[in-house]
Amino acid sequence: MVKAVRGMRDILPADSGRWHAVEAEIIQVLRNYSYAEIRLPMMEYTDLFARGVGEATDIVEKEMYTLADRDGDSLSLRPEGTASCVRALEEHGLLYNQTQRVFYNGPMFRYEKPQKGRYRQFSQIGAEAYGFAGPDLDAELIQLGYDCWQQLGISDRVQLQLNTLGSGAARGAFRAALLDYLRPLVNDLDEDSQRRLETNPLRILDSKVAATQTLLEDAPQLLEFVDAEGLAHFQQLQDLLSQLKIPFELNPNLVRGLDYYTHTVFEWVTTDLGSQGAICAGGRYDGLVERLGGRATPAVGFAIGVDRVVLLHELARPQPVENAAQIYVCVTAPEILGGAMQMAQRLRQALPGVGVRVHMGGGQLKKQFKRADASGATWAVLFGAQTTETDLVVKHLRDASIGQQQLPFEHAITQLGQI
Ligand code: ATP
Ligand code: MG
């Protein structure tokens with residue numbers, strides 16, 4: 001048999017209930033904050049990511065799935081959602097002179113080393129807001145994230161890390177100072193950091209290599225380069241978070257891998273998932289829209305790594321999350337199968353969200369009850385020749401004290417609905 005592509009997983013029926021619960025909870029919170037869904041293509045012109053994510057990022061340098069289509073155009077599977085989101089809103093004239101709050105949900109593709117919590121196809125739910133320049137929206141997005149963790153019961157397992165990159169100019173001045181500091185030390189840097197020195201030196205700050213971290217102890221600090229306006233933005237954000245009682249930790253080395261961030265950057269991290277500790281990352285990227293060819297538009301957003309949130313949810317709530325509750329319809333004789341299938345349809349309409357399956361393939365009633373039991377269903381409904389339009393015979397499969405009862409349809413529905 002051909003196997004799945006390395007790093008691309010199947011979510012099997014036994015696990016999809018948890019996935020659905022996690023996604024539904026997050027999307028519910030997003031809707032509660034008035035974010036509307038945007039559905040974006042899975043592929044874009046490679047150039048969008050080269051410009052939008054940045055040539056000198058790991059993503060564009062070595063993680064994209066890029067192919068030439070039959071016309072010779074270079075396309076890439078999306079490695080993230082922000083660039084597409086900006087592209088789509090700009091293309092449809094939805095950015096200029098207006099505000100937008102949107103979210104997207106779906107798979108992203110990056111060629112990385114697969115391990116627990118790191119896959120080549122993974123899922124993100126991202127939120128983005130456009131046209132808001134102030135720290136109030138930064139705070140709202142953080143509050144929204146915190147709400148998600150609370151709803152999912154994982155808020156005590158995650159910490160918020162916060163930093164500011166200042167304006168584009170502050171970032172540029174800091175970059176120059178960091179280069180002056182690091183260039184004489186180049187031979188002591190790890191290989192990745194040596195390469196980044198000329199392409200994306202800010203990335204060196206979040207190197208995981210201990211020797212590099214030691215070298216950075218005396219490096220210039222980004223915060224020293226942030227101007228008064230940038231500092232005020234950051235201070236107001238912190239004040240708001242304190243009022244909202246959302247705990248945070250300042251992390252001056254948090255710079256994010258993507259080139260387009262300015263001002264606020266944040267990450268929700270956990271220590272429960274080994275080195276794949278970030279479950280959500282975001283920040284402000286006021287320069288991106290202009291860089292992609294639109295008019296300057298402030299923007300801020302985050303992306304949740306759903307695979308990691310699902311892992312964390314499993315740690316917090318190890319008991320399986322069931323798919324829909326089930327009812328199993330047993331049919332006593334082949335000639336009444338059509339009637340049983342019609343009755344099952346009435347049950348489905350009366351009990352949305354409950355799975356109703358009709359026994360297939362006929363056979364002895366005893367065998368059908370065995371199947372009903374093995375299916376995990378809570379109730380069996382017995383459909384026999386004497387079953388009338390109005391009465392149903394129902395049997396609780398998990399609680400012998402309830403046993404078998406004959407009930408009028410409406411009563412039966414109430415009974416069956418209590419699973
Ligand atoms: P990391 O440092 O873990 O590689 P990142 O900085 O590349 O993360 P972002 O591009 O900010 O990640 O994506 C936002 C979130 O998406 C991450 O915090 C993480 O939860 C999730 N994520 C990113 N890459 C992967 C992956 N390969 N597999 C699973 N989840 C991922
Ligand atoms: Mg990464």
Side-chain angles (χ1 to χ4, degrees), residues 4-9 11 19 22-23 26 49 52-54 56-65 76-86 103-128 141-142 144-145 148-149 152 154 157-163 165 192-193 196 200 202-209 251 253-261 264-285 288 299-315:
V5 176
R6 188 164 131 81
M8 304 202 180
R9 298 185 303 156
I11 308 297
W19 270 80
V22 166
E23 288 172 333
I26 294 170
F49 301 118
V53 179
T57 55
D58 284 354
I59 292 181
V60 172
E61 268 180 358
K62 51 186 190 192
E63 295 177 357
M64 281 212 295
Y65 283 89
S76 293
L77 283 171
R78 60 184 189 190
E80 55 103 57
T82 298
S84 303
C85 201
V86 169
F103 75 87
Y104 57 82
N105 176 25
M108 305 294 161
F109 303 84
R110 295 184 195 175
Y111 188 81
E112 348 193 23
K113 193 164 156 246
Q115 50 202 290
K116 191 170 186 183
R118 187 176 295 284
Y119 311 101
R120 289 181 176 176
Q121 177 179 328
F122 60 101
S123 194
Q124 286 186 340
I125 298 179
E128 318 266 356
L141 277 172
I142 289 172
L144 195 167
C148 289
W149 320 139
L152 291 166
I154 58 170
R157 292 172 182 264
V158 295
Q159 296 85 41
L160 173 62
Q161 301 211 333
L162 200 61
N163 192 23
L165 302 175
D192 265 349
S193 297
R196 284 176 181 145
N200 192 357
L202 262 62
R203 278 300 319 259
I204 297 175
L205 296 183
D206 61 11
S207 162
K208 307 274 189 300
V209 180
N251 177 358
N253 287 339
L254 180 66
V255 291
R256 309 283 314 117
L258 311 180
D259 245 6
Y260 49 64
Y261 283 94
T264 310
V265 285
F266 61 88
E267 242 175 44
W268 294 95
V269 297
T270 178
T271 52
D272 295 351
L273 296 179
S275 48
Q276 272 54 254
I279 63 159
C280 172
R284 184 164 275 286
Y285 42 92
L288 182 63
V300 53
F302 66 61
I304 296 174
V306 183
D307 304 70
R308 295 181 191 175
V309 173
V310 167
L311 288 171
L312 209 51
H313 189 258
E314 205 166 0
L315 288 178

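Keep in mind the model is a prediction, meaning the values are calculated, not measured. Scope of the values below: all heavy atoms of this structure, side chains included, with no hydrogens, waters or symmetry mates. We count ligands from 1, going down the list as the structure has it; atoms in each ligand are counted the same way.
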Checklist entry - Where the closest heavy atom to atom 16 (O) of ligand 1 is concerned, which of Gln124, Lys113, Gln276 has it? => result Gln124
Next on the checklist: For Glu112, which part has a heavy atom under 4.0 Å from ligand 1: side chain, backbone, both, or neither?
Outcome noted: side chain
Checklist entry - Are Met64 and Ile59 close enough that some pair of their side-chain heavy atoms sits under 4.5 Å apart? => result yes
Next on the checklist: Closer than 4.0 angstrom, basic N to acidic O: yes or no for Asp58 and Arg110?
Outcome noted: no
Item to check | Ring-face cation contact, Phe109 with Arg120, 6.0 Å cut, 45° max | outcome: no
Next on the checklist: Within the supplied structure, the quantity of interest is the number of heavy atoms (other residues, nucleotides, ligands) at a distance under 6.0 Å from Tyr65 OH; does it exceed 12?
Outcome noted: yes
Checklist entry - Nearest heavy atom to atom 2 (O) of ligand 1: which of Arg118, Glu267, Arg9 does it belong to? => result Arg118
Item to check | Best match, Ala278, Ala281, Ala303: closest heavy atom to atom 20 (O) of ligand 1 | outcome: Ala278
Item to check | Proximity of Arg110 to ligand 1 by residue part, where a heavy atom lies under 4.0 Å | outcome: side chain
Checklist entry - Counting only heavy atoms, which portion of Arg308 has something under 4.0 Å from ligand 1: side chain, backbone, both, or neither? => result side chain
Item to check | Distance-minimising heavy-atom pair for Phe49 and Ala83 | outcome: CD2-CB, 4.1 Å
